[in-house]
Asker: 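If you scroll down you'll find the structure; I have some questions about it.
Note that these values count all heavy atoms, side chains included, but never hydrogens, waters or copies made by symmetry. Since this is a predicted model, take the numbers as computed values, not measurements.
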Amino acid sequence: MKKPTLYIIHGWTYTVAPWTKTIELLAKQGVAVEMLHVPGLTAPSKKVWTIEEYVKWADRNIPDGAVALGHSNGGRILLNLCSEKPDKLQHLILLDAAGVYENSGKRDVARTLSKKLSFLKRIPGLTKVWHKITGATDYARAPENMKRTLANMLESDKKLNLTKVTVPTSILWGGMDNVTPPRQAEVMHEKIRGSSLKIFANWNHAPYINHPGELSKAIAQAYKKPPEVTTKMDVTQATEISASMALKKAAEPVVPNTANISASMAFKKAAGPSADDMTKNSASLAVGKKGENSDSVVATLKGVEYEKASLELPKQREMISSASVPKIGRFEKMKRAAKRKRNAKKINKAKQKALKAESKISQKRAKRAQG
């Protein structure tokens, strides 16, 4: 008997070699994989691609009624395909998918650093310093056509309507993903009717590298048991939907003496969804404090993100629930203030290096002039 085929569109990478272990384990679990090679990334192409062209490419290479998985940018392509052709796929699996547009703080920082420190790339020997500070090393290595292609992909997120995706959709996400953060998984889960969402606390943006065993099991389970799309979502099944959605749809809790206790205590006393089932609740329950990681997957320059897989296993984070605190509280303000200080230190350090470099160059020129 022929094994069912799972079609995979990879993310923004130039090799699919890191997927080998996961694909082998999927085959042992009865799921054969056909990895599609994205033009310009793992398949040669010198043209500038648009999301519309990638959708047509995916439509040609994936049979009607198939099951397909999209990771990162691959998820973006499949989401656009399914929004245009709702009956194209039998089942869609999203793995840390791109496609949710939001203003990026990192992108803003990169723009600021890029403008203020752009003089570094013109000084001999300091080009690498400039790339390291602005986080643009990988972007700089990309071919010119793919830089423009990536800009097109990010811009396309503004017009992607997730509510048009009606195919049964399984969403698998890393709780420690800082490329496509778990809050984006919640947005997808809320807008794609009847979708299922599972958060894996220790996964980053590339679980096929650090957690191939867990990933293969999760994909196989999702493949064999797709979610049922219903016309109306039952809020009583709180463990199967996002906690944030449950709080929105449920009646407001009645809490005695709320004037004398904090908002977080009020929510604890009120009836609400359980936070015990980490893999089925909202991304906010699965994600702890996220620190900066120089090996993680975002390199940004002039409003453009470039992603690569992290090869180091991130440390376990303490889990907190954003459902019990305000969206922007003291903790978030402290984080932002600390981030501004770190960015200011980076800029000052880079300026000092640049001044030293310019001084050395001036001294060398003076010696040559005297000689």
Asker: Test: salt bridge (Lys or Arg N to Asp or Glu O under 4.0 Å). Region: residues 76-94. Which pairs qualify, not counting sequence neighbours?
Answerer: D59-K85, D59-K88, D64-K88, R76-D157
Asker: Would the distance check show the side chain of T163 and the main-chain N or O of K191 forming a donor-acceptor pair, the cut-off being under 3.5 Å?
Answerer: no
Asker: Is there a side-chain contact between V38 and W57 (heavy atoms, below 4.5 Å)?
Answerer: yes
Asker: Please list all pairs meeting side chain to side chain donor-acceptor pair (under 3.5 Å) that have one or both residues in residues 167-176, counting only residues at least two apart or in different chains.
Answerer: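 Applying side chain to side chain donor-acceptor pair (under 3.5 Å) to every pair that reaches into residues 167-176, excluding sequence neighbours, yields H91-S170.
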Asker: Side-chain contact test, heavy atoms from C-beta onward, threshold under 4.5 Å: evaluate it for L69 versus L94 and give yes or no.
Answerer: no
Asker: With a cut-off of 6.0 Å (strictly less than), are more than 12 heavy atoms of other residues, nucleotides or ligands near NZ of K224?
Answerer: yes
Asker: What pairs with P86 under side chain to side chain contact (heavy atoms under 4.5 Å, CB included), at least two apart in sequence or on another chain?
Answerer: T166
Asker: Flag the pair I93 / L95 as yes when at least one side-chain heavy-atom distance between them is below 4.5 Å, and no otherwise.
Answerer: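 Side chain of I93 against side chain of L95, heavy atoms only: no contact under 4.5 Å found.
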Asker: Look at the side chain of H71 and the backbone N and O of H205, then say whether any donor-acceptor pair between them is shorter than 3.5 Å.
Answerer: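 Side chain of H71 to backbone of H205: a pair is present.
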Asker: Not counting sequence neighbours, which residues clear side chain to side chain contact (heavy atoms under 4.5 Å, CB included) with I23? List them please.
Answerer: W19, V33, M35
Asker: Mind checking whether T5 and Y7 have side chains closer than 4.5 Å, heavy atoms only?
Answerer: yes
Asker: Please, which pairs that meet ring-ring contact (aromatic ring centres under 6.0 Å, His included) have at least one residue in residues 26-53, sequence neighbours excluded?
Answerer: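 Those involving residues 26-53 are W49-Y54.
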Asker: With sequence neighbours excluded, give me every side chain to side chain donor-acceptor pair (under 3.5 Å) pair touching residues 214-223.
Answerer: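 Those involving residues 214-223 are Q29-S216, W203-E214.
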Asker: State, with a plain yes or no, whether a side-chain heavy atom of V179 is found less than 4.5 Å away from one of N204.
Answerer: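 Sidechains of N204 and V179: no contact.
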Asker: If you define the side chain from C-beta out and look only at heavy atoms, does anything of L162 sit under 4.5 Å from S83?
Answerer: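 They are not in contact (no side-chain heavy atoms under 4.5 Å apart), so the answer is no.
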